[in-house]
Amino acid sequence: KRTSMGLGLTQIISPTLQLQVSFKSEEKEGSKVFSLAYICPSAQGSICNTMVPEPINSTHTQFEARATYSLDKLHVNVGYYGSFYENHNSALNVDFSSARNTSPFNQLPVALSPDSQAHQFDVSGNYDFSNTTHGTFKLAWATASQNANFADGLIGPVSSAGARVDTTLAKVGFTSRPLAKLTLSGDLRYENKDDQ
C-alpha cells in the first residue's frame with residue numbers, strides 16, 4: 001500500500017526572478033515475497049530454501065527548491081534537491097525455534113535496506129551569443145550517504161559501513177547555425193565520483 005502527498009509552490013517575484021519549491025512524501029506498508037536460505041535440521045546440514053514475507057514499512061521524502069533568473073540573453077537556474085529514505089524495519093527475524101536440531105545461524109537477523117539520504121546542489125543556464133549561436137553550462141555537486149546501522153536483532157546492531165558517494169559534474173556546450181543548412185554543436189563534460 002502506497003500513500004503519498006505532495007505540495008508545490010511557485011512565486012514570481014519579478015519579471016526576471018522566479019522561485020519554485022516542491023515537497024513529496026510517500027509511505028509504503030505491506031509485505032513482499034523474500035527468498036531466504038537456511039540450514040536444514042539434518043545430519044548433513046544441507047542448505048534449504050524457504051520463502052518468507054519481508055515486512056515493508058518505509059518513508060521516502062523528497063524536497064526541491066529552485067530559483068530562475070532571466071535577462072535578455074542570460075538564463076540561470078539554481079537549485080537544491082534532497083532525498084531522504086527511512087526504513088522503519090531494520091531487520092528480518094525468522095523464528096525457527098520449533099524446528100528440531102536447528103542451526104543457531106537460523107536465529108540470526110537478516111539486515112534490510114538501511115536509512116539513506118542524498119543532497120544535490122546545481123547551477124545551470126544558457127547564454128544567447130546571437131540569434132544563431134547559443135551556449136549552455138551546468139555545475140553540480142551531490143553527496144549520498146548511508147550511516148544507519150544495518151540490523152538490530154539477536155546479536156545487537158551491526159555497525160554502519162559509513163558509505164558515501166560524492167559526485168562533481170561540470171558541463172559546457174554550444175550550438176550554432178551559421179547557414180540555413182548547417183548546424184554546429186559541441187559539448188565538454190567532466191564528471192568525478194568519489195565512492196567511499
Side-chain angles (χ1 to χ4, degrees), residues 1-13 16-36 52-70 74-93 109-127 135-153 155-173 187-196:
K1 180 182 179 181
R2 298 170 185 252
T3 303
S4 63
M5 61 171 292
L7 179 66
L9 175 66
T10 299
Q11 177 67 44
I12 300 176
I13 299 177
T16 60
L17 182 61
Q18 177 177 301
L19 298 178
Q20 292 179 312
V21 177
S22 64
F23 168 84
K24 181 181 179 181
S25 181
E26 182 179 68
E27 297 271 353
K28 291 183 181 180
E29 294 181 332
S31 61
K32 67 178 181 180
V33 176
F34 186 79
S35 179
L36 179 67
V52 296
E54 176 190 346
I56 304 296
N57 188 2
S58 63
T59 304
H60 184 202
T61 303
Q62 302 173 74
F63 176 80
E64 187 171 10
R66 299 212 154 266
T68 303
Y69 183 72
S70 299
L74 177 65
H75 307 277
V76 179
N77 188 296
V78 180
Y80 163 80
Y81 170 77
S83 174
F84 308 88
Y85 174 78
E86 182 181 4
N87 192 349
H88 305 295
N89 298 321
S90 62
L92 172 62
N93 293 287
V110 177
L112 300 178
S113 300
D115 299 348
S116 62
Q117 57 181 311
H119 307 272
Q120 176 177 295
F121 301 89
D122 65 83
V123 54
S124 62
N126 61 288
Y127 184 81
T136 61
F137 66 91
K138 181 175 183 179
L139 297 172
W141 181 82
T143 180
S145 61
Q146 181 275 302
N147 296 315
N149 290 335
F150 280 105
D152 191 2
I155 60 174
V158 179
S159 297
S160 163
R164 178 175 169 175
V165 179
D166 295 331
T167 304
T168 303
L169 172 69
K171 180 180 178 181
V172 293
D187 289 289
L188 179 63
R189 176 188 175 99
Y190 168 81
E191 184 175 15
N192 179 63
K193 287 193 176 184
D194 183 12
D195 191 345
Q196 303 174 23

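Heavy atoms only: backbone and side chains are in, while hydrogens, waters and symmetry mates are out.
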(Q) Under a 3.5 Å threshold, yes or no: a donor from one side chain and an acceptor from the other, between Thr68 and His75? (A) no
Q. Can you find a side-chain donor-acceptor pair between Asn87 and Ser58 that sits under 3.5 Å?
A. no
Q) Between His119, Gln117, His60, which is the residue that forms a side-chain contact (heavy atoms from CB on, under 4.5 Å) with Ser83? A) His60
Q: Verify side-chain contact (heavy atoms from CB on, under 4.5 Å) between Phe63 and Val21, making sure each step is shown before the conclusion.
A: CA-CA 8 Å; Phe63 176 80; Val21 177; 3.6 Å; yes
**Q.** Distance in Å, Asp122 CG paired with Asn77 CG, rounded so as to fall on 0.5 Å steps
**A.** 7.0 Å
Q: Run the ring-centre check on Phe121 versus Tyr80 and record whether the distance is less than 6.0 Å.
A: yes
(Q) If you count heavy atoms of other groups shown closer than 6.0 angstrom to CD1 of Ile12, is the number above 12? (A) no
**Q.** Thr143 and its side-chain contact (heavy atoms from CB on, under 4.5 Å) partner, picked from Val165, Thr168, Asp166
**A.** Asp166
Q) From Thr10 OG1 over to Gln20 CD, what is the distance, rounded to the nearest 0.5 angstrom? A) 4.5 Å
Q | Heavy-atom pair with the smallest gap, counting every atom of Ala67 and Leu19 | A | CB-CD2, 3.4 Å
Q: Considering non-hydrogen atoms only, spot the tightest contact between Gln146 and Asp115 and give its length.
A: CG-O, 3.3 Å
Q | From Arg2 atom CZ to Lys28 atom NZ, the distance as rounded to the nearest 0.5 Å | A | 4.0 Å
Q) Are Lys24 and Glu26 within salt-bridge range, i.e. N to O under 4.0 Å? A) no
Q.
Working to the nearest 0.5 angstrom, can you tell me the gap between Thr61 OG1 and Glu86 CD?
A. 8.0 Å
Q: For residues Pro53 and Leu92, report the shortest heavy-atom separation together with the two atoms involved.
A: O-CD1, 3.8 Å
Q.
How long is the straight-line distance from OH of Tyr69 back to CG of Leu17, given to the nearest 0.5 Å?
A. 8.0 Å
**Q.** Separation between CD1 of Ile56 and NZ of Lys32, rounded to the nearest 0.5 Å
**A.** 5.0 Å
Q: Identify the heavy atoms of Thr59 and Ser25 that sit nearest to each other, and give their distance.
A: CG2-OG, 3.8 Å
Q. If you take all heavy atoms of Leu139 and Ala170, which pair is closest and at what distance?
A. CD2-CB, 3.6 Å
(Q) Please give me the minimum heavy-atom distance between Phe137 and Asn126, naming the atom from each residue. (A) CE2-N, 3.9 Å
